[in-house]
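Only a predicted model underlies this, so the values are computations on that prediction, with no experimental measurement involved.
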Amino acid sequence: MLDVLICGAGPVGLFFANLMDQFGHTYRIFDSDTLEGRLGQSRALLLTARSLEIMEDRGIAREILSHALLSRGLRLHSDTKQLTQVEMRGLDTPYPHMTTLPQWRVEETLLNRLSKKVERPVTLLSYVQESDHVVAKLQHGDDKDNVEEVKAKFLIGSDGVHSTVRKGTPGWTFDGVIMNVPFALADVTLTGDKLPDFRYFNFIDSKNGALIIIPLPDKSGEKIILRVIASLGTLSEIKDTEGKVSQGINKDDPFTLEELQTLIDQRSGYFKMKAENPQWITKFGINERRANGFRRGRCFIMGDAAHCHSPAGGQGMNLGLQDAYNMAWKISSVLKNTVPNPEELLDSYYEERYPLVDTTIDGSGRMGRTVMQHTMLSSFMRSLVLPLAFTIPSIHDKVGFTLQQLWVTIPTSSALLAKKSASNIIEPGKFMPDSGILNPKDIMNLSPQTIKSILKKSNRYIALLVWNHAGDDYTSAGFWNLLETYKRSVRPIVIESKNYIGRYRVPLYARNHADGKEGFWCDTRGQLADLLGVEDNRAGIILIRPDMYVTFSESYDGQNEIPLESFEKYLASQLKSD
């Protein structure tokens with residue numbers, strides 16, 4: 001029996017399959033589309049800083065970035081002049097830029113890393129849930145007699161807004177709002193005597209309607225082309241509870257290069273541009289929807305199968321990738337039987353994700369309506385209020401912070417998070433920051449690294465004990481010995497910050513331990529302690545989940561023996577001892 005059966009091989013399903021590979025699970029992944037049917041369609045194209053951070057954690061970001069185009073920020077124009085711009089370089093992330101890459105290239109990169117081939121074209125006909133597994137019926141190709149029954153412990157639906165997995169369980173709804181106005185989308189070359197600066201995303205607020213221009217790499221990866229987006233009518237909204245989903249590409253209503261050029265002529269303002277060499281040109285529709293739950297028993301949905309919204313801000317693909325990242329380690333933990341309450345852990349996928357989804361639907365919807373509407377109020381907001389607001393540094397920085405999804409945390413309502421302590425130590429729910437260079441105690445065998453490099457590709461929790469101008473690795477023995485009980489689920493790491501380092505050696509009690517060699521580090525400048533909020537003369541224990549979010553943190557008097565009772569109690573509530 002398989003561990004996981006994955007329906008849908010877009011970027012979200014492929015990323016989830018990569019995570020199953022890394023966690024060591026058996027899986028199959030299939031898609032109803034042929035590979036040829038997806039190549040050349042750029043579709044989603046923006047990768048946020050947070051998505052790149054989680055991909056870097058899994059060793060994928062560098063290959064993604066080698067194909068991508070990096071833009072400096074955003075520029076807003078009126079019919080007659082540039083109004084304002086937002087730069088990304090001040091963001092506290094390794095990726096302070098707008099990163100664009102056609103969706104098919106993201107899929108190709110993820111596909112090439114898999115140990116299993118994607119099965120195409122394969123259609124999910126139906127499924128039945130048993131007490132400990134799912135039985136799915138799969139049809140291969142167009143042959144109605146070529147039907148296979150597959151058993152898996154979990155079924156994952158990453159199969160888009162028309163999800164067969166979601167529709168396969170009665171009462172699993174996808175209600176929401178239809179934006180009753182089509183959009184034009186085209187990937188073209190733009191030429192002319194006066195062009196926008198293509199180092200930026202450009203938004204032209206014309207009296208005749210908005211025009212959005214986004215640079216991205218072409219199919220060869222060597223040249224820059226432009227994604228041009230424009231609304232094609234007056235905005236109206238329809239509430240829908242009958243599942244009449246119209247999100248996505250409209251293949252039945254073609255859009256021509258001549259029609260696109262007419263739009264550009266009407267809306268390009270003081271720029272003079274001609275669209276040429278279309279690589280992709282289409283119409284698409286926008287819906288705002290969320291499923292009434294992302295789990296039914298042993299079936300889960302993620303990405304567009306679970307939620308969809310306006311593409312304004314480019315959040316959609318990234319939200320799905322982060323769904324996969326949140327869900328994969330939880331399913332892995334249940335499959336490995338390392339948790340005392342598997343139902344609570346699996347339920348936490350929806351509980352942690354839906355508040356972020358709702359915030360994104362609301363934010364992208366407000367942004368999209370601001371772009372689409374042509375009332376006096378919306379025009380006033382775009383032409384006067386926004387340019388003035390962006391001159392305020394805090395607002396300027398907040399725009400980049402929001403677009404790059406650096407605001408994303410685990411909601412404090414999550415049953416998995418420990419309570420916030422009274423100290424300044426990093427709060428449960430925060431994403432783990434990176435550090436400056438740390439030196440290994442095992443100086444003969446390891447090179448200096450940042451904390452994120454040390455933690456990379458973890459399939460266990462990470463427990464950090466950080467001494468700040470206090471303690472030493474020998475006074476960490478109690479912490480180390482406690483975690484011996486959880487060695488299958490938790491990796492211990494001890495870091496001395498601002499301490500006098502007497503010797504570069506792993507302490508004797510951990511020297512022959514499987515985690516000993518990579519378990520002791522020195523932060524002589526104390527940068528990591530400062531980032532984590534561990535104050536001088538104190539110690540801190542920080543427990544980090546496999547998705548790099550902090551789940552427990554507590555500060556202690558570094559001059560005394562650390563009391564481990566609350567940490568031990570939290571571990572026992574979340575993990576089985578070995």
Side-chain angles (χ1 to χ4, degrees), residues 15 18-19 22-23 47-66 68 70 88-97 99 113 318 321-322 324-326 328-329 401 404-410 425-443 445-468 490-498 515 517-534 540-553:
F15 185 48
N18 271 268
L19 295 171
Q22 292 190 12
F23 289 139
L47 284 165
T48 64
R50 178 53 50 85
S51 290
L52 289 168
E53 287 173 352
I54 67 174
M55 285 189 160
E56 173 60 21
D57 178 52
R58 290 293 148 187
I60 300 171
R62 297 178 190 185
E63 186 173 356
I64 291 284
L65 287 166
S66 72
L70 315 181
M88 299 288 156
R89 57 191 173 193
L91 297 177
D92 185 15
T93 172
Y95 310 107
H97 39 69
T99 305
R113 302 175 69 90
N318 298 280
L321 293 170
Q322 291 165 44
Y325 196 55
N326 182 285
W329 72 270
F401 186 80
Q404 296 285 18
Q405 295 183 318
L406 298 176
W407 61 275
V408 173
T409 59
I410 304 302
I425 198 166
I426 187 170
E427 297 175 22
K430 297 288 188 182
F431 193 70
M432 180 65 185
D434 207 355
S435 70
I437 293 296
L438 308 177
N439 290 321
K441 278 298 189 81
D442 188 2
I443 199 74
N445 296 303
L446 297 174
S447 301
Q449 299 182 56
T450 69
I451 189 65
K452 283 294 190 68
S453 298
I454 296 167
L455 306 185
K456 185 180 287 188
K457 289 188 180 180
S458 176
N459 59 5
R460 295 181 285 171
Y461 286 77
I462 304 290
L464 295 182
L465 173 55
V466 180
W467 297 100
N468 191 4
V490 186
R491 174 186 167 194
I493 294 177
V494 176
I495 298 174
E496 297 177 54
S497 290
K498 300 180 187 173
D515 290 315
K517 179 186 290 188
E518 297 183 358
F520 294 84
W521 298 80
C522 308
D523 178 22
T524 54
R525 295 182 178 180
Q527 184 187 31
L528 180 60
D530 292 343
L531 283 170
L532 297 176
V534 181
I541 291 179
I542 296 98
L543 186 65
I544 307 161
R545 309 184 334 176
D547 60 358
M548 288 298 109
Y549 285 90
V550 173
T551 191
F552 173 96
S553 60

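- Take Glu53 and apply the salt bridge (Lys or Arg N to Asp or Glu O under 4.0 Å) test, not counting sequence neighbours, and it matches Arg50.
- To the nearest 0.5 Å, the span separating CD1 on Ile541 from CG on Leu532 amounts to 13.0 Å.
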Side chain to side chain contact (heavy atoms under 4.5 Å, CB included) assessment of Ile462 paired with Ile454: CA-CA 10 Å; Ile462 304 290; Ile454 296 167; over 6 Å; no

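- Smallest separation of non-hydrogen atoms from Arg491 and Leu455: NH1-CA, 4.3 Å.
- Counting only heavy atoms from C-beta outward, the side chains of Leu406 and Asp92 never approach each other to under 4.5 Å.
- Put simply, OG on Ser458 and CZ on Arg545 are 13.0 Å apart, with the number rounded to the nearest 0.5 Å.
- Looking at Gln527, its side chain does come within 3.5 Å of a backbone N or O of Gly436 through a donor-acceptor pair.
- Smallest separation of non-hydrogen atoms from Pro433 and Ile451: O-CG2, 3.6 Å.
- Between the CD1 atom in Ile437 and the OG1 atom in Thr524 there is a gap of 11.0 Å [rounded to 0.5 Å].
- Proximity of a side-chain donor or acceptor of Asn468 to a complementary backbone N or O of Ala529 within less than 3.5 Å is not detected.
- For NZ of Lys452, the number of neighbouring non-hydrogen atoms (other residues, nucleotides, ligands) closer than 6.0 Å is greater than 12.
- The closest side-chain heavy-atom distance from Trp467 to Val494 is below 4.5 Å.
- Contacts of Asp515 classified as salt bridge (Lys or Arg N to Asp or Glu O under 4.0 Å), with partners at least two apart in sequence or in another chain: Arg460.
- The two residues Lys456 and Asp57 have their closest heavy-atom pair at CG-O, 3.0 Å.
- With sequence neighbours excluded, no residue satisfies salt bridge (Lys or Arg N to Asp or Glu O under 4.0 Å) with Asp442.
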Stepwise side chain to side chain contact (heavy atoms under 4.5 Å, CB included) check, Leu65 with His97: CA-CA 11 Å; Leu65 287 166; His97 39 69; 4.1 Å; yes

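- Note: Phe520 CZ to Leu465 CG = 9.0 Å, rounded to the nearest 0.5 Å.
- Residues that satisfy the side chain to side chain contact (heavy atoms under 4.5 Å, CB included) test with Pro546, not counting sequence neighbours, are Trp329, Tyr461.
- Remark: Arg113 engages Asn18, Ile60, Glu63 in a side chain to side chain contact (heavy atoms under 4.5 Å, CB included) (not counting sequence neighbours).
- With contacts defined as side-chain heavy-atom distances shorter than 4.5 Å, the pair Asp530/Lys498 qualifies.
- At a cut-off of 3.5 Å, with distance as the only test, a side-chain donor of Ser51 or Gln322 sits close to an acceptor on the other residue.
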Residue pair Leu70, Tyr95: steps toward the side chain to side chain contact (heavy atoms under 4.5 Å, CB included) verdict: CA-CA 9 Å; Leu70 315 181; Tyr95 310 107; over 6 Å; no

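- Residues forming a side-chain hydrogen bond (donor to acceptor under 3.5 Å, both in side chains) with Gln22 (at least two apart in sequence, or on another chain): Arg58.
- Shortest non-hydrogen contact noted between Ala49 and Thr93 is CB-OG1, 3.6 Å.
- Here the NZ-SG distance, from Lys441 to Cys522, works out to 4.5 Å after rounding to the nearest 0.5 Å.
- Checked against Phe431 for a side-chain contact (heavy atoms from CB on, under 4.5 Å), the options Thr409, Val550, Ile54 give a single hit: Ile54.
- Taking each heavy atom of Leu52 and Ile64 in turn, the nearest pair found is CD2-CG2, 4.2 Å.
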From CA spacing to verdict: side chain to side chain contact (heavy atoms under 4.5 Å, CB included), Leu446, Trp521: CA-CA 10 Å; Leu446 297 174; Trp521 298 80; 4.0 Å; yes

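- Distance check, rounded to the nearest 0.5 Å: CD1 of Ile542 to CZ of Phe552 gives 9.5 Å.
- Here the closest heavy-atom approach between residue Pro428 and residue Thr551 is recorded as CB-O, 3.8 Å.
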